[in-house]
Amino acid sequence: MASGGSAIRGSRVGAGPMGEQDRGFHADRIKVSYWDALGNETVRYFAANLPDEEIPETIDCPSSGLPAGRDKANPPSVVKLEPYKTHLAYVKERRTEEEAESLLEEALQQLRVRRGKLSATN
């Protein structure tokens, strides 16, 4: 036989009559709606005593993943992503042979200058 405290079976420890109305299921809440660019509505509930500055203006919509705002008529725009670049696009961006040679020559000159400074100090 297990012996325990004096708590009545099914009661929650620490859930007194004071403060229960301020949190949990019985707390006063306000409903805030957010809309994304596709017209999806997401409803969030916040505590009624929360200042308006602490309620976020935008959230990430769980159904579309897009940003959602509180203004139904003017929701946040869809984020523009850079298109995927093919290998050919990167090849076209490469430097010309002359530019590559001049960059290599500059780098070699800098190395020679550093080496000269190092050998002069030894």
Side-chain angles (χ1 to χ4, degrees):
M1 181 171 164
S3 62
S6 62
I8 300 169
R9 184 175 174 193
S11 68
R12 290 178 16 221
V13 176
M18 303 273 294
E20 183 66 28
Q21 68 275 5
D22 295 333
R23 61 185 184 278
F25 184 73
H26 301 291
D28 291 332
R29 293 176 279 170
I30 56 171
K31 173 183 168 183
V32 178
S33 295
Y34 294 91
W35 288 272
D36 66 3
L38 302 176
N40 297 321
E41 179 184 12
T42 302
V43 176
R44 299 288 167 129
Y45 293 92
F46 296 95
N49 58 358
L50 193 66
D52 199 38
E53 302 87 43
E54 292 188 27
I55 297 175
E57 286 295 321
T58 60
I59 61 167
D60 290 332
C61 181
S63 60
S64 65
L66 300 172
R70 293 168 69 176
D71 186 7
K72 183 178 182 178
N74 191 17
S77 61
V78 178
V79 178
K80 291 195 171 196
L81 299 175
E82 290 292 324
Y84 175 75
K85 279 187 169 181
T86 62
H87 177 69
L88 184 60
Y90 283 109
V91 170
K92 287 181 181 177
E93 286 182 3
R94 286 186 184 162
R95 302 180 189 277
T96 62
E97 288 296 321
E98 295 82 25
E99 287 177 319
E101 286 177 11
S102 67
L103 286 172
L104 178 62
E105 189 57 39
E106 287 177 29
L108 288 173
Q109 284 291 0
Q110 289 176 356
L111 284 174
R112 288 180 188 127
V113 167
R114 287 183 191 158
R115 261 194 209 157
K117 288 181 183 176
L118 287 176
S119 63
T121 58
N122 289 338

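As the structure is a prediction and not an experimental result, all values here were calculated from the model.
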Exercise. By side chain to side chain donor-acceptor pair (under 3.5 Å), which residues pair with Ser102, not counting sequence neighbours?
Worked result: none
For this session: Output the rest of the hydrophobic cluster of Leu38: all Ile, Leu, Val, Met, Phe, Trp and Tyr residues reachable through side-chain heavy-atom contacts under 4.5 Å, sorted by chain and number.
Result: Leu66, Val78
Problem set entry | Contacts of Glu98 that satisfy salt bridge (Lys or Arg N to Asp or Glu O under 4.0 Å) - sequence neighbours left out | none
For this session: Please list, chain by chain and in numerical order, all residues satisfying side chain to side chain donor-acceptor pair (under 3.5 Å) with Glu101, sequence neighbours excluded.
Result: none
Problem set entry | Results of side chain to side chain contact (heavy atoms under 4.5 Å, CB included) for Glu106 - residues two or more places apart only | none
Problem set entry | ILVMFWY cluster membership beyond Ile30 - transitive side-chain contacts under 4.5 angstrom | Val32, Tyr34, Phe46, Leu50, Ile55, Ile59
For this session: List for me each residue that meets side chain to side chain donor-acceptor pair (under 3.5 Å) alongside Thr42, sequence neighbours excluded, and say none if there are none.
Result: none
Seminar exercise, completed: One should read off an interatomic distance between Leu104 CG and Gln109 CD, to the nearest 0.5 angstrom, of 10.5 Å
For this session: Any chance you could pull the hydrophobic cluster mates of Tyr45, using side-chain heavy atoms under 4.5 angstrom and chaining through other members?
Result: Val43
Seminar exercise, completed: CG (Asn40) and OG (Ser63) are apart, to the nearest 0.5 Å, by 4.0 Å
For this session: With sequence neighbours excluded, tell me which residues meet side chain to side chain contact (heavy atoms under 4.5 Å, CB included) with Pro67.
Result: Pro76, Val79
Seminar exercise, completed: Residue pairs meeting salt bridge (charged side-chain N to carboxylate O under 4.0 Å, His left out), one or both in residues 53-65, sequence neighbours left out, come to Glu57-Arg70
Exercise. Other than Trp35, what residues sit in its cluster of Ile, Leu, Val, Met, Phe, Trp and Tyr side chains whose heavy atoms are under 4.5 Å apart, directly or through others?
Worked result: none
